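Numbers restart at 1 for each chain; the letters A, B, ... are given by sequence-line order, proteins then strands. Since we're looking at a predicted model, the values are computed, not measured.
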2 protein chains.
Amino acid sequence: MDLRTATEIGKCLSNQTRMQIMEWLKEPAKNFPPHETLKHFNDGVCVTYIQEKAGLSQSTISTYLTNMEKCGLLISTRHGKWSYLKRNEEVIKRFTDFIS
Amino acid sequence: MDLRTATEIGKCLSNQTRMQIMEWLKEPAKNFPPHETLKHFNDGVCVTYIQEKAGLSQSTISTYLTNMEKCGLLISTRHGKWSYLKRNEEVIKRFTDFIS
DNA sequence: TTTACATATCGCAAATTATAGATATATTTG
DNA sequence: CAAATATATCTATAATTTGCGATATGTAAA
């Protein structure tokens, strides 16, 4: 991982809501209600659930999640009209290795 | 580590210069000239050397380093008129464990 | 093919952060 | 004690980020 990428990830982790989302996504089943259409959390959690739990506006959370995906922290998968977000453990590992 | 502390550390790592300082401090002898009075890097690197290498003003770097110490990322030790900064590996470990 | 729903993007005002110069404080040295 | 040096703090302005409402886009259902 290079300095620029690591700093972009640092920016995502410089806000309490975003840091909290990273924590919540460690245990989707514990932190979110079950998905009604998809019966699993294999691809993570849908944007709406994250937004409701965070308590910020839809546009704000959408922007957060988009940026977190752009820097590699999250992986986004679309199923129908829903987007699901999960942690990208490989990138997280590269980041923690970089700063350690 | 709690969410608030982790986010404070995230803020320190959200700026390229500060991230770079963390990297430089991994290998003081490789990245900085030897100290003329102190003959070692046991307590890290003096503020002046970090400031010169970063190329920002003395006040800016001093503020950076103070904040990095406050959130636990760095340990500051004074020897005479110089302050030396080194990485706080224990806190860094707690941070990487938190986000992993 | 409308309509409804889920998510993304745009544009803006408010809050926060970045950064520097001036100044203060601490420490050593003459 | 006075001067010199290293670092810290204060104040101010520029730049960035936050977070929202409005609007656009994508997708499925009626």
Side-chain angles (χ1 to χ4, degrees), chain A residues 3-4 7-22 25 32-38 41 43-71 73-86, chain B residues 3-4 7-22 25 32-38 41 43-71 73-86:
Chain A
L3 189 72
R4 185 171 306 175
T7 306
E8 287 306 307
I9 290 177
K11 285 183 189 181
C12 283
L13 300 178
S14 72
N15 169 291
Q16 197 147 329
T17 300
R18 290 189 299 258
M19 181 70 83
Q20 180 76 82
I21 291 170
M22 291 302 292
L25 291 179
F32 298 95
H35 291 125
E36 297 187 358
T37 302
L38 265 192
F41 290 110
D43 292 319
V45 178
C46 69
V47 175
T48 302
Y49 283 0
I50 297 173
Q51 187 248 307
E52 287 171 350
K53 182 138 181 158
L56 294 179
S57 74
Q58 183 269 323
S59 66
T60 297
I61 295 298
S62 178
T63 303
Y64 280 5
L65 296 175
T66 299
N67 288 336
M68 291 165 85
E69 192 207 350
K70 273 183 188 156
C71 77
L73 273 179
L74 298 180
I75 295 169
S76 172
T77 310
R78 214 180 227 273
H79 289 283
K81 51 183 172 177
W82 296 280
S83 276
Y84 297 85
L85 279 306
K86 69 175 174 189
Chain B
L3 189 72
R4 185 171 306 174
T7 307
E8 287 306 307
I9 290 176
K11 286 183 189 182
C12 282
L13 300 177
S14 71
N15 169 290
Q16 198 147 326
T17 300
R18 290 188 299 257
M19 182 70 83
Q20 179 77 80
I21 290 170
M22 290 303 292
L25 290 180
F32 298 94
H35 291 126
E36 297 188 0
T37 303
L38 224 49
F41 289 110
D43 292 317
V45 179
C46 69
V47 175
T48 302
Y49 283 1
I50 297 172
Q51 187 251 305
E52 285 172 352
K53 183 138 180 160
L56 294 179
S57 75
Q58 183 269 324
S59 67
T60 296
I61 295 299
S62 177
T63 303
Y64 281 4
L65 296 175
T66 298
N67 289 335
M68 292 165 86
E69 192 206 349
K70 274 184 186 154
C71 77
L73 273 179
L74 298 180
I75 294 170
S76 173
T77 309
R78 212 177 229 275
H79 288 282
K81 51 183 173 176
W82 295 280
S83 276
Y84 297 84
L85 280 305
K86 68 175 173 187

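Under the 4.5 Å side-chain criterion, counting only non-hydrogen atoms from C-beta, B:M68 is in contact with B:M22. Counting heavy atoms from C-beta outward, B:I21 and B:L85 have side chains that stay 4.5 Å or more apart. Between A:L25 and A:F32, some side-chain heavy-atom pair lies under the 4.5 Å cut-off.
Aromatic ring orientation, B:Y49 versus B:H35: parallel (interplanar angle below 30°, classes split at 30° and 60°).
Across the interface with DNA chain D, nearest-nucleotide mapping of A:S14 and B:Y49 shows B:Y49 to be the residue nearer the 5′ end. Between B:T48 and A:G80, the one whose closest nucleotide on DNA chain D sits nearer the 5' end is B:T48.
With B:S62 contributing its side chain and B:S59 its backbone, the two residues share no donor-acceptor pair below 3.5 Å.
Whole-Å rounding puts the B:E52 CD to D:dT5 P distance at 14 Å. When the C1' atom of D:dG19 is taken as reference, atom CD of A:Q16 falls 16 Å away, rounded to whole Å. B:I61 has its CD1 atom 16 Å from the P atom of D:dA6, to the nearest Å. What separates CD1 of A:I21 from P of D:dT18 is a distance of 12 Å, to the nearest Å. Protein atom OH of A:Y64 is 12 Å distant from nucleotide atom P of D:dT17, rounded to whole Å. Atom pair B:M68:CE and D:dT7:P shows a separation of 16 Å (rounding to whole Å applied).
Note on A:N15: a side-chain N or O is less than 4.0 Å away from OP1 or OP2 of D:dG19. Side-chain N/O atoms of B:K81 include none lying less than 4.0 angstrom from OP1 or OP2 on D:dT7.
Atoms CG and NZ, from A:L73 and A:K11 in turn, are 13.5 Å apart once rounded to the nearest 0.5 Å. Distance check: A:Q20 CD to A:I50 CD1 gives 11.5 Å after rounding to the nearest 0.5 Å. Summarising the geometry, atom CD belonging to B:E8 is positioned 13.0 Å from atom CG belonging to A:L13; distances are rounded to the nearest 0.5 Å.
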Show the distances under 3.5 angstrom between N or O atoms of the protein and N or O atoms of nucleotides 8-10 of chain D.
residue : atom : partner : partner atom : Å
D:dA8   : OP2  : B:S62   : OG           : 3.1
D:dA8   : N7   : B:Q58   : NE2          : 2.8
D:dA8   : N6   : B:Q58   : OE1          : 2.9

Carefully, step by step, assess A:W82 and A:L38 under the rule side chain to side chain contact (heavy atoms under 4.5 Å, CB included).
CA-CA 10 Å; A:W82 296 280; A:L38 265 192; over 6 Å; no
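In the 5' to 3' direction, nucleotides of DNA chain C lying under 4.0 Å from heavy atoms of chain B begin and end at C:dT17 to C:dT28.
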